[in-house]
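Note that these values count all heavy atoms, side chains included, but never hydrogens, waters or copies made by symmetry. The sequence lines fix the lettering, A, B, ..., with proteins before strands; numbering per chain opens at 1. The structure presented is a predicted model; accordingly, all values stated were derived computationally and were not measured.
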Protein chains: 2
Amino acid sequence: MSTKNKILDAAEKLFADKGFNGTSLREITSLAEVNLAAVNYHFGSKKELIKAVMSRYMDELSPRLESALVNICQSTAQPSLTEVFSAFVEPLLALNDFQEHGTTNFLQLLGRGYTDSQGFLRWFLTTSYPNVIDNFVEAVHKAYPELSAEDMFWRLHFTMGTIVFTMSSSDALMDIARNDFSNDIDIGGVIRQVIPYVAAGVAAPV
Amino acid sequence: MSTKNKILDAAEKLFADKGFNGTSLREITSLAEVNLAAVNYHFGSKKELIKAVMSRYMDELSPRLESALVNICQSTAQPSLTEVFSAFVEPLLALNDFQEHGTTNFLQLLGRGYTDSQGFLRWFLTTSYPNVIDNFVEAVHKAYPELSAEDMFWRLHFTMGTIVFTMSSSDALMDIARNDFSNDIDIGGVIRQVIPYVAAGVAAPV
DNA sequence: ACACAGTTTAAACAAGTGTTTAAACTAACG
DNA sequence: CGTTAGTTTAAACACTTGTTTAAACTGTGT
């Protein structure tokens with residue numbers, strides 16, 4: 001395994017766990033078992049490393065997501081909101097083949113990106129991967145045409161919040177669920193729990 | 001104004017804005033125009049200062065919330081979920097009388113507390129103010145008795161996520177909304193937008 | 001006027017941060 | 001072999017972090 005990938009893997013795990021601000025380059029390089037200076041040699045700066053970690057996932061996820069959403073839009077004239085949201089499940093779970101704990105890590109990172117580092121990651125993602133958002137908006141509009149652009153805007157952000165926040169604390173939540181309900185649950189189970197919730201939220205009457 | 005309160009006010013604003021990890025004591029004391037050592041003299045440590053900032057709000061909010069929820073439970077045999085969630089509006093907006101931008105600041109701080117500082121604040125809040133959660137769970141159960149304890153658990157956390165995430169980026173979202181829809185909106189407007197969403201989400205069929 | 005508790009202050013502390021430097025190493029090619 | 005480009009390394013850089021120290025200041029009660 002190359003030094004570059006060792007750094008990316010270690011950074012991903014630590015960023016997801018403790019946030020971008022909360023993780024030092026020394027923690028990353030010592031988990032990756034490489035020299036401290038390797039980060040700046042291969043990536044230039046910590047900020048660029050953060051972008052690289054996110055890009056690795058987005059480049060994997062974005063085309064799958066795009067085709068899944070386009071597929072929904074073309075196959076049925078008016079898909080249900082549940083169908084639209086379910087389009088996310090397979091591409092997201094596919095990240096587990098790409099990397100160990102890929103789904104959880106990516107969603108946690110996404111959550112971190114929205115709150116840590118005063119939102120520079122949000123800017124980076126929305127400008128680098130606008131198709132994902134556009135396709136999603138189009139699919140939701142087909143499923144629920146009466147929804148005004150403004151209401152759509154708010155509800156999509158509410159949905160984003162639900163997903164991202166849930167996933168960024170999903171480890172803790174799954175532990176509690178296992179304890180209180182002695183019901184073993186994995187990340188796929190959480191996703192299946194959240195879909196009816198967000199679908200109903202977006203579908204709420206105005 | 002006492003030094004203690006000057007510190008609390010400055011810390012609150014900066015914590016809400018840049019997170020707990022992202023704010024240094026030097027930033028706080030220089031905004032508060034007090035000496036650096038004053039924080040450790042009056043609060044003991046940064047961690048205790050964070051608790052103090054949150055407690056100031058929770059002590060104000062918690063009784064109002066409790067009576068509003070108890071009121072709902074006693075007045076009607078089976079309240080609607082919208083009524084339950086609406087019980088939060090007045091107590092939350094009342095924080096604006098208590099402090100300038102009190103509502104926004106508090107909700108942003110709550111969001112920070114869940115992601116920053118590996119969740120020690122979540123522990124602090126749930127153990128220090130359990131009545132709020134208990135009352136809320138009871139009210140939701142009255143409104144939607146068919147919901148199993150496990151589904152309730154997940155949906156309440158989804159709701160928490162929606163609220164907290166939305167509010168922690170509400171400034172940015174309100175700016176976008178103003179630009180794209182030339183529709184002036186304040187924090188109360190955001191709250192009124194989010195209630196139908198979470199009510200429908202919690203009410204979703206299982 | 002004195003003493004004393006409460007508070008404020010400047011300075012220093014040790015530890016941790018991201019980044020840079022220049023020397024050492026590694027492998028491939030002429 | 002010797003050269004060269006790519007990579008790794010230990011050490012240092014300048015700076016920021018939370019916390020502590022001991023001296024100075026404040027007002028109140030005797």
Side-chain angles (χ1 to χ4, degrees), chain A residues 1-56 108-109 112-113 115-124, chain B residues 1-56 108-109 112-113 115-124:
Chain A
M1 168 124 66
S2 70
T3 302
K4 221 169 164 173
N5 279 325
K6 280 199 270 185
I7 295 174
L8 283 172
D9 288 349
E12 169 187 323
K13 187 181 294 240
L14 290 169
F15 283 155
D17 221 49
K18 325 167 41 142
F20 303 113
N21 288 338
T23 306
S24 73
L25 294 185
R26 280 168 181 81
E27 291 180 87
I28 293 170
T29 53
S30 97
L31 178 62
E33 295 181 307
V34 302
N35 187 272
L36 166 65
V39 172
N40 289 278
Y41 176 76
H42 285 284
F43 298 95
S45 69
K46 185 181 180 182
K47 215 165 198 168
E48 290 298 320
L49 172 63
I50 296 175
K51 286 193 198 173
V53 169
M54 292 308 289
S55 296
R56 196 164 60 143
Q108 290 186 359
L109 288 169
R112 300 295 188 180
T115 49
D116 272 21
S117 54
Q118 56 262 29
F120 102 92
L121 238 179
R122 174 168 32 184
W123 172 87
F124 169 68
Chain B
M1 171 127 63
S2 70
T3 302
K4 222 169 164 173
N5 279 324
K6 280 199 270 186
I7 293 175
L8 284 172
D9 288 349
E12 169 187 323
K13 186 181 296 240
L14 290 169
F15 283 155
D17 221 48
K18 324 165 44 142
F20 301 114
N21 288 337
T23 306
S24 72
L25 294 184
R26 280 166 181 82
E27 291 180 88
I28 294 170
T29 52
S30 95
L31 177 62
E33 295 181 307
V34 303
N35 187 274
L36 167 65
V39 171
N40 289 279
Y41 177 75
H42 285 284
F43 297 95
S45 68
K46 186 181 180 181
K47 215 163 198 170
E48 289 300 319
L49 171 62
I50 296 175
K51 285 193 199 172
V53 168
M54 292 309 289
S55 296
R56 196 165 58 145
Q108 290 187 358
L109 288 169
R112 300 294 188 181
T115 49
D116 272 21
S117 54
Q118 55 261 33
F120 102 92
L121 237 179
R122 174 169 32 184
W123 172 85
F124 169 68

On DNA chain C, compare the nucleotides closest to Leu25(A) and Glu33(B); which residue's is nearer the 5' end? Glu33(B)
I need the OH-P distance between Tyr41(A) and dT26(C), as an integer number of Å. 15 Å
So, Glu27(A) side chain and Ser24(A) main chain: donor-acceptor pair closer than 3.5 Å or not? yes
Phosphate OP1/OP2 of dG16(C) contacted by Ser24(A) side-chain N/O (<4.0 Å): no
What is the distance from CG of Leu36(A) to C1' of dT19(C), rounded to the nearest Å? 8 Å
Walk along DNA chain D from 5' to 3' and tell me the first and last nucleotide with an atom closer than 4.0 Å to a non-hydrogen atom of chain A. dG6(D) to dA12(D)
Classify Ser2(B) by what it touches in the nucleic acid, base, sugar-phosphate, or nothing, heavy-atom distance under 4.0 Å. nothing
Residue pair Gln108(A) / Phe15(A), side-chain heavy-atom distance below 4.5 Å: no
Taking the side chain as every heavy atom from C-beta outward, state whether Val39(A) and Lys46(A) have any atom pair closer than 4.5 Å. no
Measure the distance from CZ on Phe43(A) to C1' on dT19(C) and round it to the nearest whole Å. 16 Å
For Thr29(A), which contact category applies under a 4.0 Å heavy-atom criterion: base, sugar-phosphate, or nothing? nothing
Asn21(B) CG to dG16(C) P: how many Å, rounded? 16 Å
Considering only heavy atoms from C-beta outward, does the side chain of Lys51(A) approach that of Phe124(A) to under 4.5 Å? yes
Presence of donor-acceptor pair under 3.5 Å, side chain of Arg26(A) and base of dG18(C): yes
Expressed as a whole number of angstroms, how long is the span from His42(A):NE2 to dT19(C):P? 15 Å
So if I apply the side chain to side chain contact (heavy atoms under 4.5 Å, CB included) rule between Ile7(B) and each of Ile28(B), Leu25(B), Leu31(B), Val53(B), which one comes out positive? Ile28(B)
Counting C-beta onward and ignoring hydrogens, is there a side-chain heavy-atom pair between Arg56(A) and Asp9(A) closer than 4.5 Å? yes
